[in-house]
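Here's the structure, in structure tokens; my notes come after.
Keep in mind the model is a prediction, meaning the values are calculated, not measured.
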Amino acid sequence: MTAETKPWGSYSILFKSADYQVKRVEVGPGHRLSLQKHAKRAEKWIIVGGAGEATLGSKKIPVERGSVVDIPVEAVHRIQNTGKEVLVFIEVQFGAYLGEDDIVRLNDDYHRV
């Protein structure tokens, strides 16, 4: 299992194939991922712990355990932890290319734009 620490938390790759990948993502309290989009992949987020808010285009979607967020290719999105516990979700990526360099950051709290 591949794991990586980020300023907002961490993720682990649970499974990877040629055209889909499954990650477990943890976002610390008060943190959020970049506002971003992907040119070559879609994602599905399944919230398994904690609470937060997902941004999908211009929509703000409250999320908690059991919530599912579908993110089409090219959709602007982010997730933030609005609770006091770690926000945990399973991210399933679908596409012909799944590399981390397919992230286009539009806004980032950690100066990675």
>> Measuring from atom CG of Asp108 to atom CD of Gln36, what distance do you get when rounded to the nearest 0.5 angstrom?
In response: 9.0 Å
> Parallel, tilted or perpendicular: which describes the rings of His77 and His38, with under 30° parallel and over 60° perpendicular?
Replying inline: tilted
> At what distance, to the nearest 0.5 angstrom, does CD1 of Ile79 lie from NE2 of His31?
Replying inline: 14.5 Å
> Taking all atoms of both residues into account, what is the closest heavy-atom pair of Lys40 and Val73, and its distance?
Replying inline: N-CG1, 4.3 Å
Between side-chain atoms of residues 51-61 and protein atoms elsewhere (two or more places apart, or another chain), which donor-acceptor pairs fall under 3.5 Å?
| unit_1 | atom_1 | unit_2 | atom_2 | d |
| --- | --- | --- | --- | --- |
| Thr55 | OG1 | Lys60 | NZ | 3.3 |

>> Tell me whether Phe15 shares a hydrophobic cluster with Tyr97, the cluster being built from Ile, Leu, Val, Met, Phe, Trp, Tyr side chains joined at under 4.5 Å.
In response: no
> When rounded to the nearest 0.5 angstrom, what is the spacing between CD1 in Ile71 and CZ in Arg78?
Replying inline: 12.5 Å
Ignoring hydrogens and angles, write down the donor-acceptor pairs under 3.5 Å from the side chains of residues 82-95, residues two or more places apart or on other chains.
| unit_1 | atom_1 | unit_2 | atom_2 | d |
| --- | --- | --- | --- | --- |
| Glu91 | OE1 | Trp45 | NE1 | 3.0 |
| Glu91 | OE2 | Gln93 | NE2 | 2.6 |
| Gln93 | OE1 | Gln21 | NE2 | 2.7 |

> Applying the 4.5 Å side-chain criterion to the ILVMFWY set and letting contacts propagate, would Tyr11 and Tyr110 be lumped into a single cluster?
Replying inline: yes
> Is it the case that one hydrophobic cluster holds both Tyr20 and Leu14, taking links as side-chain heavy atoms less than 4.5 Å apart, direct or via other members?
Replying inline: yes
>> Are Leu33 and Ile13 connected into the same hydrophobic cluster when the rule is that any two of I, L, V, M, F, W, Y join if their side-chain heavy atoms are below 4.5 Å apart?
In response: yes
> Closest approach of Ala3 and Ser12, non-hydrogen atoms and distance?
Replying inline: CB-OG, 3.8 Å
>> Between Glu100 and Arg112, is the salt bridge (charged side-chain N to carboxylate O under 4.0 Å, His left out) condition met? List the steps.
In response: CA-CA 13 Å; Glu100 288 297 303; Arg112 297 174 298 166; over 6 Å; no
> Short question: side chain of Asp102, backbone of Ala39 - any donor-acceptor pair under 3.5 Å?
Replying inline: yes
>> Could you check whether any side-chain N or O of Asn81 sits under 3.5 Å from a backbone N or O of Val27, counting only pairs where one atom can act as donor and the other as acceptor?
In response: yes
> Would the number of heavy atoms belonging to other residues, nucleotides or ligands and lying under 6.0 Å from NZ of Lys6 be above 12?
Replying inline: yes
>> Keeping Arg105 on the side-chain end and His111 on the backbone end, is there a donor-acceptor pair under 3.5 Å?
In response: no
> To the nearest 0.5 Å, what is the distance between NZ (Lys37) and CD1 (Ile103)?
Replying inline: 13.5 Å
> Which pair of non-hydrogen atoms, one from Glu64 and one from Ile47, has the smallest distance, and what is that distance?
Replying inline: O-CB, 3.2 Å
